[in-house]
A.B. asks: 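Following this message is one structure expressed as structure tokens.
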Amino acid sequence: MTKETFFHCLELLRAEYSKWDAPAKRFENAYRRTPYTILISTLLSFQTRDEMTLEAGKRLFALADTPEAMLRLSEEKIAETIYPVGFWRKKAASVRHVSRELLERHKGEVPSTLRELIELKGVGPKTAKIVLENAFGAEVAAVDTHVHRLVNLLGFVRSRSPEETDRILERELLPEERKGLNRLLVSFGQVICRPRHPDCDRCPLKECCPASQSRSS
DNA sequence: AAAACGGGGGC
DNA sequence: GCCCCAGTTTT
């Protein structure tokens, strides 16, 4: 698929974007939508479904929505609050550790550069990019499994891993061309073009989807 | 029973 | 780059 065709598809998606803005939904209920709550929400979200993350975040941020307040909670308290997200034990420790690092090294503020974010223990490249994208509006290619799967499905790139896709997109697309691309594709992958049961009936890409022929529902 | 979920760290 | 880690919901 050529770049032009790819962008045409993105336009089709963008036209109905407001109907499936799942990432925005993930953070809008986060008690107060701040870089800190976004960072913590993202830490909680890995290997866990959105609904669980949302509920856990709501309960946790009702108790503490700043690093100072979070450190006043014991690790056990945090753990029992965020249950039943996956890996709750590890995540509770991570939430507390990151909060302490923010206070000690960043005056309690969430840093806004990739390098500083990754230096926080428990924050890797994926989490860091998601935070940059959602908390600071950075146009980064935060390629996750959805984005990786979709650009390969459409045939825009051919790669084996999300990391490789990430590098290709950063190389092939100018920053302004990446604008909004990630949130668009993640939402699309979560709501319409799901891995297992794609909702092809509601799909705005029916016409240009290479796989539409081999699918029934 | 198996898949699915926007990983990270240590080496 | 490779391997290990760890848990819950949904199907």
Side-chain angles (χ1 to χ4, degrees), chain A residues 13 17 20-30 33 35 37-60 75-76 78-101 114-153 157 159-170 178 180-199 217:
Chain A
L13 287 180
Y17 180 44
W20 61 60
D21 190 358
K25 210 182 226 168
R26 177 195 319 248
F27 297 113
E28 76 186 7
N29 292 342
R33 197 168 180 276
T37 59
I38 289 173
L39 169 60
I40 299 300
S41 295
T42 309
L43 278 179
L44 297 183
S45 75
F46 102 94
Q47 296 290 104
T48 302
R49 294 190 180 262
D50 271 2
E51 300 77 37
M52 295 298 128
T53 309
L54 223 57
E55 290 307 309
K58 221 151 125 187
R59 288 195 300 274
L60 182 62
E75 198 174 309
E76 292 75 23
I78 297 176
E80 88 183 36
T81 303
I82 63 177
Y83 187 87
V85 298
F87 302 90
W88 47 272
R89 200 185 290 271
K90 187 177 247 183
K91 286 177 184 176
S94 180
V95 164
R96 207 157 188 289
H97 191 91
V98 164
S99 299
R100 183 161 47 235
E101 284 192 313
L114 189 63
R115 189 183 62 78
E116 291 174 303
L117 280 169
I118 289 179
E119 282 179 1
L120 299 169
K121 189 169 181 186
V123 177
K126 302 240 168 98
T127 306
K129 285 192 168 187
I130 294 167
V131 170
L132 284 178
E133 181 189 8
N134 289 288
F136 300 107
E139 298 301 341
V140 293
V143 171
D144 67 341
T145 52
H146 284 302
V147 179
H148 170 66
R149 180 171 57 83
L150 292 172
V151 294
N152 276 280
L153 177 68
V157 304
S159 79
R160 280 190 152 139
S161 66
E163 290 71 27
E164 193 181 348
T165 302
D166 196 308
R167 287 194 295 273
I168 294 176
L169 289 183
E170 295 261 6
R178 281 185 245 130
L181 172 146
N182 214 67
R183 295 187 63 173
L184 210 51
L185 289 180
V186 172
S187 292
F188 181 56
Q190 287 178 339
V191 181
I192 304 286
C193 198
R194 298 168 297 220
R196 279 299 181 204
H197 304 290
D199 191 354
S217 72

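Atom set for the values below is all heavy atoms of this structure, side chains included, hydrogens, waters and symmetry mates excluded. Naming convention: chains lettered A, B, ... in sequence-line order (proteins, then strands); numbering from 1 in each chain.
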A.B. asks: How long is the span from the CG atom in A:Asp144 to the OG1 atom in A:Thr165, to the nearest 0.5 Å?
C.D. replies: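 Rounded to the nearest 0.5 Å, the CG-OG1 separation comes out at 10.0 Å.
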A.B. asks: Residues of residues 119-139 of chain A with any non-hydrogen atom less than 4.0 angstrom from an atom of DNA chain B: list those, numerically ordered, please.
C.D. replies: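 A:Lys121, A:Gly122, A:Val123, A:Gly124, A:Pro125, A:Lys126, A:Thr127, A:Ile130, A:Glu133, in order of number.
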A.B. asks: What's the separation between atom CD in A:Glu75 and atom CZ in A:Arg96, rounded to the nearest 0.5 Å?
C.D. replies: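 Interatomic distance, A:Glu75 CD to A:Arg96 CZ, rounded to 0.5 Å: 7.0 Å.
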A.B. asks: Checking the side chain of A:Ser94 only, and the main-chain atoms of A:Lys91 only, is there a donor and an acceptor separated by less than 3.5 Å?
C.D. replies: no
A.B. asks: Map every base of DNA chain B to its dot-bracket character, where paired means a Watson-Crick or G-U wobble contact with both distances under 3.5 Å and | marks a partner outside the strand.
C.D. replies: |||||.|||||
A.B. asks: Give the C-alpha distance, both sets of side-chain angles, the deciding distance and a yes or no for salt bridge (Lys or Arg N to Asp or Glu O under 4.0 Å) between A:Glu163 and A:Lys126.
C.D. replies: CA-CA 10 Å; A:Glu163 290 71 27; A:Lys126 302 240 168 98; 3.2 Å; yes
A.B. asks: Using side-chain hydrogen bond (donor to acceptor under 3.5 Å, both in side chains) as the criterion, list what pairs up with A:Arg160, not counting sequence neighbours.
C.D. replies: none
A.B. asks: Looking at residues at least two apart in the chain, or sitting in another chain, which of them share a ring-ring contact (aromatic ring centres under 6.0 Å, His included) with A:Tyr83?
C.D. replies: A:Trp88
A.B. asks: Can A:Arg194 and A:Asp199 be said to form a side-chain contact (heavy atoms from CB on, under 4.5 Å), step by step?
C.D. replies: CA-CA 7 Å; A:Arg194 298 168 297 220; A:Asp199 191 354; 3.6 Å; yes
A.B. asks: To the nearest 0.5 Å, what is the distance between OG1 on A:Thr42 and CG on A:Leu132?
C.D. replies: 10.5 Å
A.B. asks: Salt bridge or not for A:Glu80 and A:Arg59, using N-O below 4.0 Å?
C.D. replies: no
A.B. asks: Below 4.0 angstrom, N of the basic side chain to O of the carboxylate: do A:Glu119 and A:Arg115 qualify?
C.D. replies: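 Salt bridge present between A:Glu119 and A:Arg115.
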A.B. asks: Has the side chain of A:Arg149 got a donor or acceptor atom that lies under 3.5 Å from a matching backbone atom of A:Cys193?
C.D. replies: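 Checking the backbone N and O of A:Cys193 against the side chain of A:Arg149, a donor-acceptor pair under 3.5 Å is found.
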A.B. asks: Check every nucleotide of DNA chain C for an atom under 4.0 Å from a heavy-atom of chain A, then give the first and the last such nucleotide from 5' to 3'.
C.D. replies: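 Listing 5' to 3', DNA chain C meets chain A from C:dC5 to C:dT9.
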A.B. asks: Just checking A:Glu51: base, sugar-phosphate only, or nothing, at a heavy-atom cut-off of under 4.0 Å?
C.D. replies: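 No contact at all - A:Glu51 keeps every heavy atom at 4.0 Å or more from the nucleic acid.
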A.B. asks: When rounded to the nearest 0.5 angstrom, what distance separates CD1 in A:Ile192 from OG in A:Ser187?
C.D. replies: 10.0 Å
A.B. asks: When the P atoms of B:dG8 and C:dT9 are considered, how many whole Å apart are they?
C.D. replies: 22 Å
A.B. asks: Using the C1' atom as the reference point in each nucleotide, state the distance between B:dC5 and C:dC5 in Å, no decimals.
C.D. replies: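 Nearest-Å result for B:dC5 against C:dC5 at atom C1': 16 Å.
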A.B. asks: What's the spacing between A:Leu153 CG and A:His146 NE2 if we round to 0.5 Å?
C.D. replies: 13.0 Å
A.B. asks: Can you work out whether A:Gln47 or A:Ile118 has the more 5'-proximal nearest nucleotide on DNA chain B?
C.D. replies: A:Gln47
A.B. asks: Chain A on DNA chain B: first and last contacting nucleotide, 5' to 3', under 4.0 Å to a heavy atom?
C.D. replies: B:dA3 to B:dG9
A.B. asks: Just checking A:Ser45: base, sugar-phosphate only, or nothing, at a heavy-atom cut-off of under 4.0 Å?
C.D. replies: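 Since no nucleic acid heavy atom lies under 4.0 Å of A:Ser45, the category is nothing.
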